[in-house]
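Working notes, structure below.
This one's a predicted model, so the numbers in the text were calculated from it and none came from an experiment.
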Amino acid sequence: MIAVLRQDATQEQIESLCDWFREKGLDVHISRGKYQTIIGLIGDTSRIDTDLLCGLSIVESATRVSEPYKSANRKFHPEDTVVQVSDTVSIGGGHFALIAGPCSVENEEQILTVARAVQRGGAKILRGGAFKPRTSPYDFQGLGEAGIRMLTEAGRATGMPVITEIMSASQLDLFADVDIIQVGARNMQNFDLLKELGRCGKPILIKRGLANTIKELLMSAEYVMSGGCQDVILCERGIRTFETYTRNTLDLSCVAVLRERTHLPVVVDPSHATGASRLVPPMARAAAAAGADGIMIEVHNDPAAALCDGAQALTPDQFAAVAADVQAVRRALKMERDEDR
């Protein structure tokens with residue numbers, strides 16, 4: 001249930017109303033916008049009489065929310081959430097971030113070389129896999145703890161925040177210096193992991209599962225948010241369909257739907273979606289045009305020699321060209337919106 005308050009509601013009245021809701025056993029989430037304050041209620045709201053609530057002097061309207069995701073719902077939080085990643089980098093609410101780096105951290109020289117290259121090319125956040133979930137047990141599985149250390153050192157050397165994927169809640173202590181923790185597609189519905197991440201106090205990026213719906217992605221975000229973490233980023237990385245010419249099918253309509261349904265930032269990963277470096281540039285441009293809050297791209301200084309997913313990695317020069325194209329698309333969209341006003 002959501003209660004929209006009148007503009008003249010005082011802080012004392014709001015606090016009194018929230019205390020009453022809590023006495024009813026409900027969790028209360030307050031969203032303050034420029035023109036109105038919205039109180040979101042989570043729990044058994046059947047004990048709240050909507051007519052009685054609407055009759056209060058400070059309540060403008062009250063509506064029951066049918067969707068099972070509450071905290072992630074735009075009805076609860078009409079304004080876009082801005083996730084503050086570092087002192088200089090934000091995602092959401094008009095703040096856009098390019099995330100780039102190798103699929104896997106291979107050695108200190110490689111990650112530092114790529115970090116410096118993608119920073120020059122326009123990246124704001126450095127990505128790199130330390131733990132790699134692979135379909136085959138014989139493929140390179142990542143460097144683990146050593147990979148995290150190399151990644152965070154490269155981040156400090158370049159001044160970029162870093163993101164890397166977690167596989168299990170038991171690894172959480174190793175992520176103390178990681179700025180954004182990534183939940184991979186295979187772990188999107190690892191609910192025990194999501195619950196733990198909700199209590200870790202760091203921004204969480206959740207990738208959509210290979211065969212999961214948009215609603216299921218939002219419910220995964222709800223698991224993290226119900227644990228206390230409101231800094232959640234959603235990532236579309238392609239879904240499994242019958243198509244074989246691409247690694248997965250990049251569902252860009254997901255971006256538009258999520259922008260309607262949730263206030264959380266939405267990032268697109270065209271590298272994992274297509275599985276081919278030649279397809280990454282057009283899909284990155286399309287993602288920017290669709291309204292993504294960020295784009296995650298795999299970059300390697302020598303893709304042919306990469307230990308993981310070299311076929312989908314861009315070279316630093318290719319990344320710089322894509323980054324310029326993406327920013328050009330965003331400028332064109334802004335000019336069009338300004339002209340419409």
Side-chain angles (χ1 to χ4, degrees), residues 1-84 90-95 194 198 203-204 206 213-234 236 253-266 290-293 337-338 340-341:
M1 176 181 284
I2 59 173
V4 180
L5 305 187
R6 298 186 186 279
Q7 284 185 308
D8 58 356
T10 66
Q11 184 60 34
E12 184 179 357
Q13 289 174 315
I14 295 173
E15 290 177 359
S16 177
L17 181 59
C18 289
D19 288 341
W20 181 66
F21 288 140
R22 293 188 183 100
E23 289 174 2
K24 297 289 186 180
L26 301 173
D27 290 332
V28 178
H29 293 260
I30 301 177
S31 175
R32 290 184 172 87
K34 290 183 179 179
Y35 304 108
Q36 60 183 195
T37 298
I38 293 177
I39 297 179
L41 303 176
I42 299 177
D44 182 9
T45 59
S46 63
R47 65 191 68 183
I48 301 295
D49 186 324
T50 305
D51 293 334
L52 174 63
L53 186 57
C54 290
L56 299 177
S57 61
I58 66 168
V59 177
E60 184 174 296
S61 64
T63 307
R64 296 193 184 278
V65 178
S66 59
E67 295 90 351
Y69 49 92
K70 309 299 182 184
S71 297
N73 201 315
R74 187 174 284 280
K75 293 176 183 176
F76 271 44
H77 195 298
E79 296 189 5
D80 292 342
T81 285
V82 177
V83 175
Q84 195 70 39
S90 304
I91 302 178
H95 300 275
L194 297 177
I204 307 298
I206 305 176
T213 65
I214 293 172
K215 180 179 177 180
E216 288 168 339
L217 174 60
L218 288 169
M219 291 307 298
S220 292
E222 194 75 12
Y223 263 93
V224 175
M225 299 178 78
S226 68
C229 174
Q230 304 304 302
D231 291 332
V232 178
I233 303 163
L234 305 175
E236 165 59 31
S253 66
C254 174
V255 177
V257 173
L258 286 171
R259 293 298 296 267
E260 287 181 348
R261 299 281 176 174
T262 184
H263 53 91
L264 300 175
V266 182
D293 297 295
R337 286 194 296 266
D338 292 343
D340 289 342
R341 291 174 188 158

Does the side chain of H95 reach to within under 4.5 Å of the side chain of P265, using non-hydrogen atoms?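 Result no, sub-4.5 Å side-chain heavy-atom pair not found.
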With the side chain counted from C-beta on, respond yes when V83 and D293 share a heavy-atom pair under 4.5 Å apart, and no when they do not.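 The answer is no; the side chains never approach within 4.5 Å.
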Applying side-chain hydrogen bond (donor to acceptor under 3.5 Å, both in side chains), which residue pairs with at least one partner in residues 223-232 are found, sequence neighbours left out?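 For residues 223-232: none.
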Could you name each residue pair satisfying side-chain hydrogen bond (donor to acceptor under 3.5 Å, both in side chains) that touches residues 21-31, not counting sequence neighbours?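 As it turns out, the side-chain hydrogen bond (donor to acceptor under 3.5 Å, both in side chains) pairs with a partner in residues 21-31, which skip direct neighbours, are D19-R22.
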Given side-chain contact (heavy atoms from CB on, under 4.5 Å), test V28 with W20 step by step and report yes or no. CA-CA 10 Å; V28 178; W20 181 66; over 6 Å; no
[X]: side chain to side chain donor-acceptor pair (under 3.5 Å) partners, not counting sequence neighbours:
| X | value |
| --- | --- |
| R259 | none |
| Q84 | S90 |
| T81 | H263 |
| T50 | R64 |

Would you say that more than 12 heavy atoms from the other residues, nucleotides or ligands in this model lie under 6.0 Å from the CD of E12, or not?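 No, the 6.0 Å shell around CD holds no more than 12 heavy atoms from other groups.
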List the steps, then state whether side-chain contact (heavy atoms from CB on, under 4.5 Å) holds for L258 with L218. CA-CA 9 Å; L258 286 171; L218 288 169; 3.8 Å; yes
Any chance you could measure [X], atom [atom1], to [Y], atom [atom2], to the nearest 0.5 Å?
| X | Y | atom1 | atom2 | result |
| --- | --- | --- | --- | --- |
| L26 | L41 | CG | CG | 5.5 Å |
| S220 | L194 | OG | CG | 5.5 Å |
| I206 | M219 | CD1 | CE | 11.5 Å |
| M1 | S66 | CE | OG | 12.5 Å |

Looking only at heavy atoms, which two atoms of [X] and [Y] are closest? And how far apart?
| X | Y | value |
| --- | --- | --- |
| C18 | I39 | SG-CD1, 3.8 Å |
| P68 | K215 | CG-CE, 3.5 Å |
| G291 | V255 | C-CG1, 3.9 Å |
| I38 | P78 | CD1-CG, 3.2 Å |
| A3 | L53 | CB-CD2, 4.2 Å |
| G92 | V82 | O-CG2, 3.5 Å |

Would L5 and L17 satisfy side-chain contact (heavy atoms from CB on, under 4.5 Å), going step by step from the backbone distance to the final call? CA-CA 10 Å; L5 305 187; L17 181 59; 4.0 Å; yes
Taking the side chain from T213 and the backbone from E216, do they hold a donor-acceptor pair closer than 3.5 Å?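 Yes; judged by distance alone, with no hydrogens or angles, the pair exists.
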Residues in side-chain contact (heavy atoms from CB on, under 4.5 Å) contact with [X], at least two apart in sequence or another chain:
| X | answer |
| --- | --- |
| D44 | S46, R47 |
| Q13 | A9, T10, S57, I58 |
| E67 | V65, Y69, N73, K75, R261 |
| E79 | K34 |

Apply salt bridge (charged side-chain N to carboxylate O under 4.0 Å, His left out) to K70 and list each qualifying residue two or more places apart in sequence or on a separate chain.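 Partners of K70 by the salt bridge (charged side-chain N to carboxylate O under 4.0 Å, His left out) criterion come out as none, since no residue qualifies.
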Per the side chain to side chain contact (heavy atoms under 4.5 Å, CB included) rule, which among D80, T262, L264 passes with R74?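 In the set D80, T262, L264, the residue that makes a side chain to side chain contact (heavy atoms under 4.5 Å, CB included) with R74 is D80.
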